[in-house]
Trainee: 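Can you read through this structure? Questions will come right after.
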Amino acid sequence: MAGAALGALELGRWAPIGVPTQVAIALSLAGLLLAVGICVRHVVAVGGAEQLLQVAGARWGTARRARRTASRRPVTVPPVPGHPPVPGHPPVSRSEPDLDVETVRAAAKEFLELFYGEDPHVGPLEPRMAEVMREIDTTGTYWHTAEELVFGARVAWRNNKRCIGRLYWRSLQVRDLRTVSDASSVAAHCFEHLSTAHNGGKIRPMISVFAPETPSRPAPRIWNEQLIRYAGYEQPDGRALGDPRYRAFTSKLIQRGWRPPERQGAFDVLPLVVETVEEGPRMFQLPGQAVHEVPLEHPELKWFADLELRWHAVPVISNNRLVIGGVSYPAAPFNGWYMGTEIGARNLGDSDRYDLVPEVAARMGLDTSHEATLWRDQALVEINRAVLHSFHTNGVTVTDHHTESRRFLIHLEKEERAGRGCPADWSWIVPPMSGSQTPVFHRYYETDNQVPNFVNDPEATCRALRGGPPAFP
């Protein structure tokens, strides 16, 4: 809006000399209104991905606050053809919304043009566009068709600039669970997701999309960063048993009533926390058949198995918000498969995680008296070798960072040939080990956000790491 104000000042300065002051003021005010109008239309039409990513989450929060505090005449949201009601939940009355409907319309228009533009076999755009616009005007949102949902979820993966494994975006299997919104059903479907995606070790890229956020009802939230995460227990000496990243989360869950195993260990699976506006946060212990883990051993260092390390096979990110055409899906857990360095270099190697590098270096007999011996590098390589060896030995899909880097550049070339940009965050795309030895290191990337996409909300991150506060206090 700074541009509009500047334009108004310039118009005021350009008022003809010699006219009455009142006329000059009137001209300035007229110019201001004109400039503001132009600016608003510009933002709505071409405000860009940043705004479209934000609106789907922030605007419903505004609507919920309005429902709690406003004394306006209540309006019942009518049912929309093709939008199935959520079982067990009748339509909710809401106050007259103060929503940015024009921005929703712009986001929907951009998405539908993308969908119909990339798949000419779906038919003419105009009837569907008119239908969606009517639905937005009536309800403040709209219901994606099954085909739109599949396309939107896959393109969100394609646009995720932090992911190096996007070559396979077309293979993403989409589970349409948009009529599921109660906590126990969400949890049950998450457990089914883990088993189905594991697929006997041949990991399937998969996403489960639960009920969307709407003006009439908030969507469910999953607190955990991933469906499977390990507890971190605070110890008397200030250290943590298990994963230190989740020590605060673990403490909060214990306060909420979770009972850890009687014999606490370094790889105790945390319960899944699902929150709904009706039930609040609820905890669900993961069944054993949903938790597939790989015991870690080294191809040459036989003592490595004595460390009793393991890691789960399916990395299902569960607290990111999927945004498709102005519609927000806060609960949409999705997975690809692991790149070895995610486990070996980060989860096991980082000093604020399991911090295994010093222990492995000591067992290897390396000279750790000074950094110039590169003992950290040697130990880190062997940890990562153990991860790759163990996953391969157990028949579980995994990839190494050199292979995946080359595959990413293939994806990049394909996107460029298709006339599409391929955003990438260099700090995430370059592997955390031997970065300069991979081809993704030696170039720059586009960094603009594109939609559809996955969004990591600060509130969701806080719940995942600190165990609160709840989304619906």
Side-chain angles (χ1 to χ4, degrees), residues 183 187 190-191 194 221-275 280-297 303-319 333 338 342-363 379-380 383 386-387 390 432 458-471:
C190 286
F191 303 153
L194 283 166
R221 265 69 170 170
I222 298 172
W223 285 20
N224 310 57
E225 273 192 316
Q226 291 192 26
L227 294 184
I228 299 177
R229 294 280 83 175
Y230 296 119
Y233 304 108
E234 194 76 43
Q235 301 297 292
D237 61 3
R239 293 185 294 180
L241 172 62
D243 194 338
R245 180 174 178 84
Y246 301 108
R247 67 171 79 193
F249 187 73
T250 302
S251 297
K252 282 292 185 182
L253 297 195
I254 292 174
Q255 292 175 18
R256 287 183 173 274
W258 176 56
R259 294 184 178 180
E262 187 173 340
R263 183 179 179 182
Q264 296 176 356
F267 298 96
D268 295 341
V269 177
L270 287 162
L272 186 68
V273 183
V274 181
E275 182 184 3
R282 294 184 58 192
M283 295 184 292
F284 301 88
Q285 192 65 46
L286 275 71
Q289 64 268 25
V291 181
H292 303 277
E293 295 176 300
V294 176
L296 302 185
E297 58 183 16
W303 51 260
F304 199 95
D306 298 336
L307 298 174
E308 298 184 336
L309 305 174
R310 61 179 184 267
W311 205 260
H312 58 93
V314 188
V316 187
I317 298 172
S318 50
N319 72 333
Y338 269 120
E342 296 178 82
I343 303 170
R346 301 302 311 277
N347 297 332
L348 298 178
D350 279 358
S351 59
D352 59 350
R353 299 293 295 282
Y354 280 82
D355 194 22
L356 287 176
V357 171
E359 181 174 0
V360 170
R363 287 179 176 255
L380 190 63
I383 294 172
V387 169
S390 301
E459 297 83 358
T461 300
C462 187
R463 288 192 292 270
L465 298 182
R466 299 186 179 277

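All residue numbers refer to positions in the sequence shown, counting from 1. Predicted, not measured: the structure shown is a model, and the values here were computed from it.
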Trainee: Enter the distance from N319:CG to R221:CZ here, rounded to the nearest 0.5 Å.
Mentor: 11.5 Å
Trainee: Could you tell me which residues satisfy ring-ring contact (aromatic ring centres under 6.0 Å, His included) with Y230, sequence neighbours excluded, listed by chain and number?
Mentor: F267, W311, H312
Trainee: State, to 0.1 Å, how close P470 and W223 come at their nearest heavy-atom pair, and which atoms those are.
Mentor: CA-CZ2, 3.7 Å
Trainee: List in chain and number order the residues that pass side chain to side chain donor-acceptor pair (under 3.5 Å) with Y354, two or more places apart in sequence or in another chain; answer none if no residue qualifies.
Mentor: none
Trainee: Tell me, please, which residues at least two apart from R466 pass side-chain contact (heavy atoms from CB on, under 4.5 Å).
Mentor: C462
Trainee: Restricting to side chain to side chain donor-acceptor pair (under 3.5 Å), what partner residues turn up for D350, sequence neighbours left out?
Mentor: R346
Trainee: Could you check whether any side-chain heavy atom of I228 comes within less than 4.5 Å of a side-chain heavy atom of V291, counting everything from C-beta outward?
Mentor: yes
Trainee: Show, in sequence, the C-alpha distance, side-chain angles and deciding distance for L296 and L307, and conclude whether the side chain to side chain contact (heavy atoms under 4.5 Å, CB included) test is met.
Mentor: CA-CA 9 Å; L296 302 185; L307 298 174; over 6 Å; no
Trainee: Nearest 0.5 Å, please: how far is CG in L253 from CE in M283?
Mentor: 6.0 Å
Trainee: Looking at residues at least two apart in the chain, or sitting in another chain, which of them share a side-chain contact (heavy atoms from CB on, under 4.5 Å) with A240?
Mentor: P244, R247
Trainee: Quick test of your reading: applying side chain to side chain donor-acceptor pair (under 3.5 Å), list the pairs with at least one residue in residues 256-265, sequence neighbours left out, ordered by first then second residue.
Mentor: W258-Q285
Trainee: Got a second to check how far D268's CG is from D243's CG, nearest 0.5 Å?
Mentor: 11.5 Å
Trainee: Is the shortest side-chain heavy-atom distance between F249 and N224 below 4.5 Å?
Mentor: yes
Trainee: With heavy-atom distances below 4.5 Å as the criterion, would you say the side chains of R245 and L465 are in contact?
Mentor: yes
Trainee: Any chance you could lay out the side chain to side chain contact (heavy atoms under 4.5 Å, CB included) test for L272 and F191, step after step, and finish with the verdict?
Mentor: CA-CA 10 Å; L272 186 68; F191 303 153; 4.0 Å; yes
Trainee: Is it true that a side-chain atom of E234 and a backbone atom of S251 form a donor plus acceptor pair closer than 3.5 Å?
Mentor: no
Trainee: Looking only at heavy atoms, which two atoms of E297 and A305 are closest? And how far apart?
Mentor: CB-CB, 4.3 Å
Trainee: Which atoms form the tightest heavy-atom contact between A464 and E225, and what is the distance?
Mentor: CB-CG, 3.4 Å
Trainee: Measuring from atom CD of Q235 to atom CG of L241, what distance do you get when rounded to the nearest 0.5 angstrom?
Mentor: 5.0 Å
Trainee: Hey, what do you get for CG (L309) to CG (L356), rounding to the nearest 0.5 Å?
Mentor: 5.5 Å
Trainee: Let me confirm one number: the CD1-CZ distance from I222 to F284, rounded to the nearest 0.5 Å.
Mentor: 10.5 Å
Trainee: Give me the atom names and distance for the closest heavy-atom approach of L270 to Y246.
Mentor: CD1-CB, 4.2 Å
Trainee: Start with the C-alpha gap between E459 and R463, add the side-chain angles, then the distance that decides, and say whether salt bridge (Lys or Arg N to Asp or Glu O under 4.0 Å) holds.
Mentor: CA-CA 6 Å; E459 297 83 358; R463 288 192 292 270; over 6 Å; no
Trainee: Do C190 and P333 touch side chain to side chain, with heavy atoms closer than 4.5 Å?
Mentor: yes
